[in-house]
Asker: 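Please find one structure pasted underneath; my questions will follow.
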Protein chains: 2
Amino acid sequence: MPLTSLTAEECWQLVSTAEVGRLAVVVSGYPEMYPVNFTVVSGCVLVRTDPGVKLRHGHFRRVCFGVDASDVVARTGWSVLVRGVVHELSDHDPRAAEFAAAAARIHPWAGGEKAHCLVITPVAVTGRRLVPG
Amino acid sequence: MPLTSLTAEECWQLVSTAEVGRLAVVVSGYPEMYPVNFTVVSGCVLVRTDPGVKLRHGHFRRVCFGVDASDVVARTGWSVLVRGVVHELSDHDPRAAEFAAAAARIHPWAGGEKAHCLVITPVAVTGRRLVPG
């Protein structure tokens, strides 16, 4: 089954259909990835988190945000990768109010206060889809 | 909903239930992740691939293999991360015959010959599960 590339517009449309994505970071030379709830606002991906591995990347380190879906019966699927830099939202951010309001609407499945908001600013967005035939 | 840690045994049992995982690699400083079909043999994760980003990591670079599942209705899920090193299977591998036979039983959804087999040798396995209540 051939893989076809998705346009940026198609990528964002697919991302908007998902409730869970994955944030990939680099820790001690190893890539790691963590499922996260998220939202997209003004072209940025927002994730709420508690202090930990993810938050320690919140000073403009390179990360990747991925969303994919697969249909085990049809053996098809799609995958979108958002490469970008992540920073922790602060009051100094020119979009602080807009981002904080959007982050408040994320309802993380996992417990914890998750009072910190990570903002992933995309550098590149790519996607692929398995197309039958 | 609290997160609980999984034992290595629980991690591998959950991994065995999945048909699709994600291979995370580091490219130009950015983590990236790609959905892959896989199998587990003798404690190693095998992935078939064609020449490309993933195969270029096949000389004992650090990677992460992840599998997760989420239940959007119950808002629960689990996630397993296998940190390890990856190499391309060759005839010189002491387990070449066993691994090649196992790799032949992987039926990748995506097209392409996928004649190359990547062997991920785990360095650490961790997992978490969201537990209701």
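All chains are named by letter (A, B, ...) in the order of the sequence lines, taking the proteins before the strands, and each is independently numbered beginning at 1.
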Asker: Which bit of B:F65 comes within less than 4.5 Å of chain A, counting heavy atoms only: side chain, backbone, both or neither?
Answerer: backbone
Asker: Under the 3.5 angstrom rule, does the side chain of B:H57 hit a backbone N or O of B:V26 as a donor-acceptor pair?
Answerer: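 A pair under 3.5 Å: yes.
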Asker: Go through the steps to decide whether B:Y34 and B:E32 satisfy the test side-chain hydrogen bond (donor to acceptor under 3.5 Å, both in side chains), and finish with yes or no.
Answerer: CA-CA 7 Å; B:Y34 297 94; B:E32 300 185 353; 2.4 Å; yes
Asker: Relative to chain A, which of B:S79, B:P108, B:A110 shows the most heavy atom pairs under 4.5 Å?
Answerer: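 With the most close heavy-atom pairs to chain A, the winner is B:A110.
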Asker: Using a cut-off of under 4.5 Å for heavy-atom pairs, which of A:C64, A:G66, A:P35 has the most such pairs with chain B?
Answerer: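 Top count of heavy-atom pairs under 4.5 Å with chain B: A:C64.
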Asker: Does the pair B:E19/A:R75 count as a salt bridge with the N-to-O cut at 4.0 Å?
Answerer: yes
Asker: For the pair B:E10 (side chain) and B:T7 (backbone), establish whether a donor and an acceptor sit closer than 3.5 Å, ignoring hydrogens and angles.
Answerer: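 Yes, because the side chain of B:E10 sits within donor-acceptor range (under 3.5 Å) of the backbone of B:T7.
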Asker: Quick check on the interface: out of B:L3, B:V20, B:V25, who has the most heavy-atom pairs with chain A under 4.5 Å?
Answerer: B:V25
Asker: Does any backbone or side-chain atom of A:R128 lie under 4.5 Å from a heavy atom of chain B? Answer side chain, backbone, both or neither.
Answerer: side chain
Asker: Starting from the C-alpha separation in whole Å, work towards a yes-or-no answer on side-chain contact (heavy atoms from CB on, under 4.5 Å) for A:F38 and A:L23.
Answerer: CA-CA 10 Å; A:F38 70 97; A:L23 181 65; over 6 Å; no
Asker: State yes or no: do B:V36 and A:V67 share one hydrophobic cluster built from I, L, V, M, F, W and Y residues joined by side-chain heavy-atom distances below 4.5 Å, directly or via other members?
Answerer: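 Cluster IDs for B:V36 and A:V67 match.
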Asker: Please determine, among B:A74, B:G77, B:G84, the option with the most heavy-atom pairs under 4.5 Å with chain A.
Answerer: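 Looking at each of B:A74, B:G77, B:G84 in turn, B:G84 comes out on top.
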Asker: Do you know which of B:V123, B:V72, B:N37, B:V85 has the most heavy-atom pairs under 4.5 Å to chain A?
Answerer: B:V72
Asker: For chain B, which of A:R62, A:H107, A:R61, A:R83 has the most heavy-atom pairs under 4.5 Å?
Answerer: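 Of the candidates given, the most pairs with chain B belong to A:R62.
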